[in-house]
Amino acid sequence: METRSIMIVGVGGQGTLLASRILGNTLLNEGYDVKISEVHGMSQRGGSVVTYVRYGSAVSAPIIDKGGADVILAFELLEAKRALPYLKEGGTILVNSQKIDPMPVIMGAAEYPGDIPEELRAHANVRMTDALSLARTAGNSKAVNVVLIGMLAKTTDIAREKWVQTIEQTVPAKFLDVNKKAFALGYEA
Amino acid sequence: MKKILLGNAAVARGAYEAGVNFVSSYPGTPSTEITEECAKFNEIYCEWAPNEKVAAEAAIGASIAGGRAMSCCKHVGLNVMADPVFTASYTGVNGGLVLAVADDPGMHSSQNEQDSRHYAVAAKILMLEPSDSGECKEFTKAAFRLSEEYDTPVFLRLTTRVAHSQSIVELSEPEPQKVRPYEKNAAKNVMVPANAIKRHVIVEDRMRKLSDFAENCPFNKTEDNGAKIGVIASGITYLYAKEALGNNANYLKLGMIHPLPEKLIRDFCKKQEIVYVLEELDPVIENHCKTLGVQVEGKNRFSFLGEYSVNGIRRVILHEETSAPETTANTPVRPPVMCPGCPHRGTFYVLKKLGLTVSGDIGCYTLGAAPPLSSIDTTVCMGASVSAAHGMIKVRGEEAAKKTVSVIGDSTFIHSGITGLINTVYNKGGGTVIILDNSITGMTGHQQNPTTGKTIRGEATKQVDLELLCKAVGIDHVRIADPFDVKTFEAVVKEECARPEPSVIIAQRPCALLKQVKYTGCCEITDKCRNCKVCLKAGCPAIAVKDGRPVIDASQCNGCGLCVNVCPFGAIEKKEDA
């Protein structure tokens with residue numbers, strides 16, 4: 001199988017690391033060769049965060065370059081725009097409609113762009129969901145990451161139960177109910 | 001059993017499977033998780049040392065005593081570690097000694113992008129470089145064996161993309177290692193000139209043997225795809241090359257990068273029409289090829305700066321462009337910021353307000369250089385805040401002393417700030433040192449240190465008393481203040497800066513991300529707000545301007561309450577959760 005590339009983008013603190021762990025373990029359980037790459041450290045502190053996930057029969061580079069992503073899973077609208085050049089022609093963007101102002105916008109030195117959904121749609125198949133509201137419905141606003149994993153799961157060939165199994169293996173027991181609800185809401189969104 | 005592991009976790013797994021007895025390190029991105037993962041194996045003795053030099057010396061001692069030992073650091077940590085390492089090359093080892101060093105091309109979380117391979121050359125130490133997690137594990141195990149076989153420390157070089165990428169690793173059972181017998185051997189282990197002169201002969205002889213080994217090392221592999229282009233690469237760039245060029249190139253993949261082979265390179269290059277050396281940062285392999293008189297393309301076609309990329313390799317070698325959508329120019333940057341509730345925000349708010357010259361250091365608080373706090377004047381390396389401020393004050397005089405402060409975290413102060421403070425006192429300097437005591441090593445992701453009273457595994461231990469320590473080295477004025485009590489903190493900074501003699505303020509408030517810190521509720525701007533926008537000067541990511549007025553975003557605010565103390569009109573109130 002040819003290598004497929006999924007890029008997860010968001011803002012430090014949104015829980016992209018857990019999302020990539022669930023995705024990675026699901027792909028591993030399916031028997032794929034998997035490589036995941038993300039940068040830790042300074043960039044975690046409220047900055048843009050990026051995770052690359054690549055899978056197939058034999059994966060070489062763990063990094064996705066511009067024009068290389070089949071799917072972009074965006075936790076935040078502006079980060080979806082920033083990641084757009086990484087999308088392959090005809091690729092898919094799954095995006096949370098949540099907006100988080102970056103420091104230049106907070107300080108008034110820049111404006112949060114108003115036309116992001118239109119710009120994304122000009123280049124990609126776009127599915128936009130208010131994952132923050134769905135996470136609150138599930139019982140915890142921090143479950144945005146698992147809502148989005150639910151959205152992503154729906155676009156793959158991997159059976160729904162397999163994803164739920166990995167969530168059971170990955171998430172601490174006391175948060176399991178909330179996360180299973182969050183996954184279902186994302187899957188059905 | 002197969003598992004998906006971070007490169008750093010795979011190094012730890014390799015050390016575990018090799019039966020490592022002793023690991024001592026100082027945290028540094030992107031190397032930190034190696035030691036953290038080692039600490040999860042109860043069989044391994046692990047510790048955080050105050051700095052990399054102490055860590056390496058402890059590992060050298062453990063090795064001389066007969067244990068398998070490892071010390072891990074980031075590239076700039078190797079500078080701190082360098083002194084003992086150069087001489088450990090002369091003494092050699094008893095138990096295997098592995099030094100894992102993680103470079104950071106592209107400077108994701110570093111102050112420079114130096115290339116650690118120069119240390120292997122300069123210190124005459126064998127260096128291995130893995131490409132993925134599977135190799136991280138295998139090379140680490142091999143590093144311990146080679147260390148003992150050739151009586152040398154071994155460097156394991158990683159880069160950010162290898163250290164922080166995950167790939168599949170086949171796990172094996174550990175090989176329990178007995179601590180080897182220790183016998184006193186002054187000729188080998190006491191490096192006075194008479195002994196060191198003889199050891200240097202052995203080092204040069206070892207280099208010859210290692211050069212022979214490089215020709216047949218199983219980690220140096222050629223792949224002939226019948227192509228016209230040859231690529232010599234190691235580490236992550238090998239994987240980028242495979243991705244970009246596939247079967248359009250033949251490869252010489254070097255897993256052992258010091259010393260480099262001669263015959264293997266000559267034989268490979270002879271068969272190619274053109275050879276590219278792909279290596280991030282400096283032309284170490286390329287220069288070796290040129291010394292051999294072998295014609296290669298390298299830094300004439302690729303950059304010295306930052307990271308290589310798949311598209312870049314494809315562009316230069318195959319002249320192929322990769323098409324990609326373009327985004328419009330109005331994409332505001334999202335630089336990292338101090339977290340909501342960060343204790344450093346209060347400190348920098350006050351320092352900015354007072355217009356002080358701030359000698360900075362390495363930690364989360366380096367973000368105090370970014371707008372709107374924009375306080376920090378200098379950042380060089382771990383510990384430099386204190387010593388550099390001393391130099392500034394000596395040159396600029398007594399009035400400057402009253403306007404100059406150093407800021408340094410608790411862990412960084414123990415790492416190498418304390419020596420600078422001793423220098424200031426001893427040489428009759430001035431200025432105020434502010435120790436940002438947030439009860440943890442923050443930026444690298446919460447590691448314990450000698451000021452937290454806990455070991456790497458969270459066991460209780462003796463805690464350095466920062467106040468007593470500063471007094472003991474001769475600081476007469478040591479104050480403890482809470483940076484969130486903005487008014488008092490400002491008064492304390494003014495008083496201490498006014499003194500001609502040196503002083504220390506310990507700014508005490510724990511990191512907001514620590515589990516024991518429980519901020520609740522959310523802050524709200526009430527109708528008492530006069531729209532003066534002073535609250536925005538704190539640079540909190542939860543406070544933004546909407547329709548010309550500051551508003552607090554409830555999804556970002558953690559209720560820390562700093563803005564309540566900053567507002568001059570009492571217009572911000574904290575609301576507890578219903």
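Numbers restart at 1 for each chain; the letters A, B, ... are given by sequence-line order, proteins then strands.
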Around [X], counting heavy atoms of other residues, nucleotides and ligands shown, do more than 12 lie under 6.0 Å from its [atom1]?
{"X": "D177(A)", "atom1": "CG", "value": "no"}
{"X": "E170(B)", "atom1": "CD", "value": "yes"}
{"X": "K2(B)", "atom1": "NZ", "value": "no"}

Pick from [options]: which one has the most heavy-atom pairs with chain A under 4.5 Å?
{"options": "I168(B), T322(B), L513(B)", "value": "I168(B)"}
{"options": "P340(B), C540(B), P372(B)", "value": "P372(B)"}
{"options": "S167(B), A241(B), G246(B), A244(B)", "value": "S167(B)"}
{"options": "S165(B), S131(B), S110(B), P550(B)", "value": "S165(B)"}
{"options": "V310(B), V162(B), T32(B), L536(B)", "value": "V310(B)"}

Exercise. Applying salt bridge (Lys or Arg N to Asp or Glu O under 4.0 Å), run through K99(A) and D553(B) and close with a yes or a no.
Key: CA-CA 11 Å; K99(A) 294 180 186 179; D553(B) 176 354; over 6 Å; no
Exam field: side chain [X] to backbone [Y], donor-acceptor pair closer than 3.5 Å:
{"X": "D65(A)", "Y": "N311(B)", "answer": "yes"}
{"X": "R334(B)", "Y": "I100(A)", "answer": "yes"}
{"X": "Q166(B)", "Y": "I36(A)", "answer": "no"}
{"X": "E89(A)", "Y": "S323(B)", "answer": "no"}

Taking side chain as everything from C-beta outward and backbone as N, CA, C, O, which of these in [X] sits under 4.5 Å from a heavy atom of chain A? Side chain, backbone, both or neither.
{"X": "I543(B)", "value": "backbone"}
{"X": "P30(B)", "value": "neither"}
{"X": "P371(B)", "value": "both"}
{"X": "C342(B)", "value": "neither"}
{"X": "K537(B)", "value": "neither"}

To check you understand the geometry: which heavy-atom pair defines the closest contact between [X] and [Y], and what is its length?
{"X": "V333(B)", "Y": "R82(A)", "value": "CA-NH1, 3.7 Å"}
{"X": "I63(A)", "Y": "Y240(B)", "value": "CG1-OH, 3.4 Å"}
{"X": "P62(A)", "Y": "R161(B)", "value": "CG-O, 4.5 Å"}
{"X": "M103(A)", "Y": "G539(B)", "value": "CE-O, 3.3 Å"}
{"X": "I106(A)", "Y": "A544(B)", "value": "CG1-CB, 3.8 Å"}

Under a 4.5 Å heavy-atom cutoff, which of [options] has the most pairs with chain B?
{"options": "I116(A), L87(A), V105(A), N25(A)", "result": "L87(A)"}
{"options": "L132(A), L27(A), L120(A), D101(A)", "result": "D101(A)"}
{"options": "A83(A), G67(A), S60(A)", "result": "S60(A)"}
{"options": "E79(A), Q98(A), K88(A), E111(A)", "result": "E79(A)"}
{"options": "A69(A), P113(A), A110(A)", "result": "P113(A)"}

Less than 3.5 Å apart, any donor N or O on the side chain of S309(B) or K66(A) sitting next to an acceptor on the other?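 On atom types as modelled, these side chains do not qualify, holding no pair under 3.5 Å.
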Under 3.5 Å, is there a donor on one side chain and an acceptor on the other for E119(A) and T327(B)?
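E119(A) vs T327(B): donor-acceptor pair found between side chains.
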Quick check: do P104(A) and P335(B) have side-chain heavy atoms less than 4.5 Å from each other?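 Counting from C-beta outward, P104(A) and P335(B) do come under 4.5 Å.
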- Taking side chain as C-beta onward, heavy atoms only, is K81(A) less than 4.5 Å from T328(B)?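 With C-beta onward as the side chain, the pair touches.
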Measuring from [X]:[atom1] to [Y]:[atom2], what's the distance to the nearest 0.5 Å?
{"X": "T331(B)", "Y": "L84(A)", "atom1": "OG1", "atom2": "CG", "answer": "9.0 Å"}
{"X": "L6(B)", "Y": "S37(A)", "atom1": "CG", "atom2": "OG", "answer": "9.0 Å"}
{"X": "L28(A)", "Y": "K3(B)", "atom1": "CG", "atom2": "NZ", "answer": "10.5 Å"}

Given that the side chain runs from C-beta out, which part of [X] has a heavy atom under 4.5 Å from chain B: side chain, backbone, both or neither?
{"X": "A61(A)", "value": "both"}
{"X": "Y32(A)", "value": "backbone"}
{"X": "E76(A)", "value": "side chain"}

Quiz item: side-chain contact (heavy atoms from CB on, under 4.5 Å) between D132(B) and K35(A): does it pass, once the steps are laid out?
Solution: CA-CA 9 Å; D132(B) 61 16; K35(A) 287 189 177 171; 4.0 Å; yes
Derivation of the salt bridge (Lys or Arg N to Asp or Glu O under 4.0 Å) call for R54(A) and E243(B):
CA-CA 12 Å; R54(A) 308 194 69 220; E243(B) 186 77 35; 2.8 Å; yes
